[in-house]
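In what follows, every chain begins at residue 1, and chains take the letters A, B, ... in the order their sequences are listed.
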Amino acid sequence: MAQCSVLFTSEKPQAEPKSLSDKPTKKPSETPSSQPAIFIPVDRSPDIQEARLKLPILAEEQVIMEAIKENSVVVLCGETGSGKTTQVPQFLYEAGYGSGNYIIGVTEPRRVAAITMSQRVALEMNLPQRVVSYQIRYEGNVSNKTKMDGVLLKEIQKDFLLTRYKVVIIDEAHERSVYTDILIGLLSRIVPLREKKGSPLKLIIMSATLRIEDFTNNKRLFPVPPPVIKVDARQFPVAVHFNKRTPLDDYAGECYRKVCKIHRMLPAGGILIFLTGQAEVHSLCRRLRKTFPFSGKNIHNVTEDDDSQEAVKRFKKSKPKKTMNLPKIDLASYSAQPLDEGDEDREAADDDEDGSGSDLDLDLGDGEAQEDEKTDSSLPLFVLPLYSLLAPEKQSKVFLPPPAGTRLCVVATNVAETSLTIPGIKYVVDCGKVKKRYYDKVTGVSSFRVDWTSQASANQRAGRAGRTEPGHCYRLYSSAVFADFEQFSLPEITRRPVEDLVLQMKDLNIEKVVNFPFPTPPSADALIAAEELLISLGALQEPPKTGRLNDLQKAKLSSPITALGKTMASFPVAPRYAKMLALGRQHECLPYVITIVATMTVRELYVEVDRPAVSDEEKELLKGKKARVLQMQRIWAGQGSAQKLGDLMVMLGAVGACEYAGLAPKFCERNGLRFKAMLEIRRLRGQLTTTVNSLCPDIQLYLDSKMNPPTESQVMYLRQIVMSGLGDHIARRIRAEELLDEKWKNAYKTPLLEEPVFIHPNSALFRQLPDFVVYQEIMETTKMYMKGVSAIEAEWIPVLLPQYCHFGKPLEEPPPFYCSETGRVKCHRPSTFYRVGWQLPAVVVDYPEGLDRYKYFAMFLLEGKVIKKFGSYRSVLLSTPIAMLKTWAKLQPRTEILLKALVSENADSLAGLLAAWKKNPKYLLSELCQWTPEAIHEDISKAWPPIQHDED
DNA sequence: GAGCACTGC
């Protein structure tokens, strides 16, 4: 699950920290505790006390605590900077909500937030970290490094009523992360249950923006709307300036011009620019550095950065540095009035109408007037890129003060909107766009699109200019365009596949997921698709195939979880991958499956090397690096048939090599691997290994840093295991003879897409073009590209993925046969792949259920293939065994009699036959006598049932 | 022959 929890207990350390992960054996003391009249003294240092008093929320302590006392659910609304995250838990602690072995639980959407919050609270209250602890995905500091996995959702799985908690705080609920949504849904049911038990649980929902209707005005969630308390934020006013005209598509160019003007005309203060992607960020950085170069010597190791190298070089050639000469306009006396929270819209709109024309906004203009890209080294600008995939050491540069005499300018993506706060920002330049991932609900194809952002997030961006002093936000679009923005962006849960959530919820025994009180429910399509996939994977029970259509539809959305599903739910990965793990134990493949799954789960394994270079020199450098990376990938792709595992083999090789090199950052750097990704993979492998060991204690798996490459046959099993998880991600190559249209050249067909899909050019199988492949995902860019591709064999499909196949009538040639290993009648059946009807090779499967299976079984029985003893009567049989199959069989009563006897006891396999004999030792005796001359009936009868001899 | 925002168990 996605949350990071901060556990917040009383001073008394827990006697048994482990009990958190076990089922609580004894309930906490049942003292009625809805109104704790306790006051727990806290010993804060004077300077902390002083800093706290400045927080607006401290004035609200009374109101907040009264509301919590009187209500079981409270919504607390306050912008960032109000101090609610750090202060509310302290209020609760002081009021005694954390005493008596109870826990105050706080969930944060991000790991860093959970860690810093717990540290901050511990510091402010002068409490040890064992009292204020955190737990996140792979680690935690709960009571002296007790290792724990799973957080609040996992705890609900173990103890649905959360009996150890007296308060749960959901922080940043406005971000609407999938798991806060589900937690709120679950807690809305747990709270009244706890009320009934006389040991109430308090739920506090903390949200920043005003988007709270989904929580407060949602009868299904909370029949009685919870009270809302608003808290002021300590935020400085931000004047918002709109462009008069909105650039059609060159918002990056408009950004550049606006930054130039700000830097030339406005007083000191950092600039933060919001763009949509890595490439844009780098390109704007280059342009700005070119225009306002500065000396990077001895500052922040700038020389490590490829882009800054350019700036440094340029500077060395340029004239000695002049002092920065900035105009001295007092921006604090700017026409804008202070901005209260939530007033930004009005403020912004006013500003556009009467503000422009007389103030700085006009001076800065929308300007395409001057295209001045001439170098101006008198005004050094310290330009830094910032995006999530940037190496952490490069990211952290934005937190340091810029070199003396320069102005900080951060060119960022959306990371800077919520995840990272940059100090000293006075100017925000907002292009108004975001890049978002889209999923096609029907086909599952992903794509990235750049779109207008929402009003809420534009305001969030503007707010970044007022953290340390009054600021300005320049929006590169008109107020009319802003007015057309969506008020809020859609909650994540409505925009992504939900199979992982559905599985988790089924594991909580919520069978009818449609009825769950989601703050915003996912679409019915998404829920149906999830349920179908989980049924195909065997994680949910297949609904009955008979019944009325209406009932079927209903049953479809309420399938209970299977044992396999329970196993899968315990792995913190996507259900398709969890299936691979569940199968992975065979042939000692598990360490490899764990590594492959971990690698597929962690995003962006490789660093971007395709960035356009600034100089010829850099171009050569990048080219060399790229060549080396490609060469390594060829090595990792393996030899011979191992290559068929394709991109997953490359991943396995990369991780193996990296681990062998001791997870060294240098190794990653040289081979184009993203160090942070490698760390994550290591941690996830560790967690998956732990989970496997806890599921099957006999297996005693450990994390091997010197993992040998898989053998050839293991690679084949791996391909089969991978295919079993990706059964709905199969593609078939269009062969030359089927080619009707050039656009299908080298293309693949998938069951759900009409258009051709292609193997991504970076794939190890790009040139191989296997007939059948499975893929991790399809990403639509200029074409539909499959990524994470492995080759599979057509004949595996009907055997390993029968749920996706239609089977034809059993073939007469080769004829059905009796399989002595399984004791069952087998046959060859032709098959086709569902929907698309691809011909697949005929495979040996169990003979389909029905009368014919009994006929064949009877024949094999008479032939002595099932039971040896029967063979001894073979020569004296009154009819030939093959008579069982003939159309005229009915004319011979003995065939009918035998058949009826078998059918009556379901004896169409050895197991069935033995069971029947166990019930009735005389079973089948008279029927066999029909087939044999009377002379030997007595002999037969004496040796009946004829099995003991076979068992020897 | 490309072009991925941001999170998490």
Side-chain angles (χ1 to χ4, degrees), chain A residues 1-5 107-114 135-140 148-157 172 175-183 274-283 386-390 412-420 433-438 446-451 453 457 460 489 491-493 495-496 500-501 503-504 507 569-575 577-578 598 601-612 626 630 674 680 683-684 687-688 690-691 745-746 758-763 766-767 777 779-785 787:
Chain A
M1 67 156 261
Q3 256 65 39
C4 303
S5 279
T107 73
E108 290 290 331
R110 278 171 293 279
R111 288 183 204 163
V112 260
Q135 31 178 290
I136 57 179
R137 182 169 184 158
Y138 314 103
E139 62 194 62
M148 299 194 40
D149 33 14
V151 200
L152 210 52
L153 197 62
K154 292 273 170 198
E155 266 203 77
I156 291 176
Q157 282 168 3
E172 315 282 10
E175 289 189 16
R176 303 301 307 275
S177 91
V178 167
Y179 285 93
T180 48
D181 271 20
I182 290 192
L183 272 180
F274 284 100
L275 283 174
T276 68
Q278 274 187 56
E280 271 172 24
V281 164
H282 279 293
S283 130
L386 182 67
Y387 47 86
S388 160
L389 288 175
L390 192 67
T413 62
N414 246 8
V415 247
E417 192 179 302
T418 48
S419 307
L420 295 171
K433 306 273 184 160
V434 262
K435 188 180 282 177
K436 273 192 186 163
R437 189 181 185 132
Y438 288 83
S446 299
S447 58
F448 281 90
R449 284 212 298 267
V450 173
D451 242 324
T453 185
S457 94
Q460 178 86 11
S489 16
E492 191 197 355
I493 199 168
R495 326 194 336 112
R496 74 173 190 67
D500 52 344
L501 308 180
L503 182 61
Q504 291 301 324
D507 194 36
S570 59
F571 294 113
V573 296
Y577 305 159
T601 301
V602 172
R603 61 177 187 145
E604 293 303 307
L605 214 57
Y606 307 104
V607 245
E608 181 72 63
V609 283
D610 282 331
R611 207 193 312 151
K626 199 178 161 185
L630 281 176
R674 207 163 58 84
E680 288 272 300
R683 294 160 109 181
L684 186 48
Q687 177 164 356
L688 294 176
T690 311
T691 310
K745 197 178 170 200
N746 295 336
F758 298 86
I759 294 182
H760 193 279
N762 289 352
S763 168
F766 179 61
R767 282 171 212 290
E777 61 171 355
M779 178 71 70
E780 184 175 10
T781 54
T782 53
K783 286 177 175 176
M784 304 266 198
Y785 283 112
K787 302 180 112 180

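Using modelled atom types, one side-chain atom of A:Arg495 and one backbone atom of A:Arg437 make a donor-acceptor pair closer than 3.5 Å. Of the possible donor and acceptor atoms, one in the side chain of A:Arg674 sits under 3.5 Å from a partner among the backbone N and O of A:Arg603.
The side-chain heavy atoms of A:Asp181 and A:Glu492, taken from C-beta on, include no pair separated by under 4.5 Å. Contact of the A:Pro761 side chain with the A:Tyr785 side chain is registered, since non-hydrogen atoms from C-beta on lie closer than 4.5 Å.
Backbone-only contact: A:Phe766 has heavy atoms under 4.0 Å from sugar-phosphate atoms and none from a base. A:Thr418 comes within 4.0 angstrom of nothing in the nucleic acid, heavy atoms only. A:Lys433 comes within 4.0 angstrom of no nucleic acid atom, judged by non-hydrogen atoms across all strands. Using a 4.0 Å heavy-atom distance criterion, A:Phe571 is classed as making no nucleic acid contact. Residue A:Arg767 is in base contact, counting any heavy-atom pair closer than 4.0 Å across all strands shown. Across all strands shown, A:Glu777 has heavy atoms under 4.0 Å from base atoms, whether or not it also approaches the sugar-phosphate. Residue A:Val434 is out of contact with every strand shown, counting any heavy-atom pair closer than 4.0 Å.
If you take OH of A:Tyr387 and C1' of B:dC6, they are 15 Å apart, rounded to a whole angstrom. For A:Leu390 and B:dC6, the CG to P distance is 10 Å, given to the nearest whole Å. Between the NZ atom of A:Lys436 and the P atom of B:dT7 there is a distance of 15 Å, rounded to whole Å. Rounded to a whole Å, the OH atom of A:Tyr438 is 14 Å from the C1' atom of B:dC4. Look at CZ on A:Arg495: it is 14 Å from P on B:dA5, rounded to the nearest Å. The distance from atom CE of A:Met779 to atom P of B:dA5 is 10 Å, rounded to the nearest whole Å. Atom pair A:Arg437:CZ and B:dC6:P shows a separation of 12 Å (rounding to whole Å applied). With rounding to whole Å, A:Glu604 atom CD is found 14 Å from B:dT7 atom C1'.
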Under the criterion side chain to side chain contact (heavy atoms under 4.5 Å, CB included), I'd like the reasoning laid out for A:Glu280 against A:Tyr387: C-alpha separation, chi angles, the key distance, then a yes or no. CA-CA 11 Å; A:Glu280 271 172 24; A:Tyr387 47 86; over 6 Å; no
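Of the two residues contacting DNA chain B, namely A:Asp500 and A:Lys435, the nearest-nucleotide position lying further toward the 5' end is that of A:Lys435.
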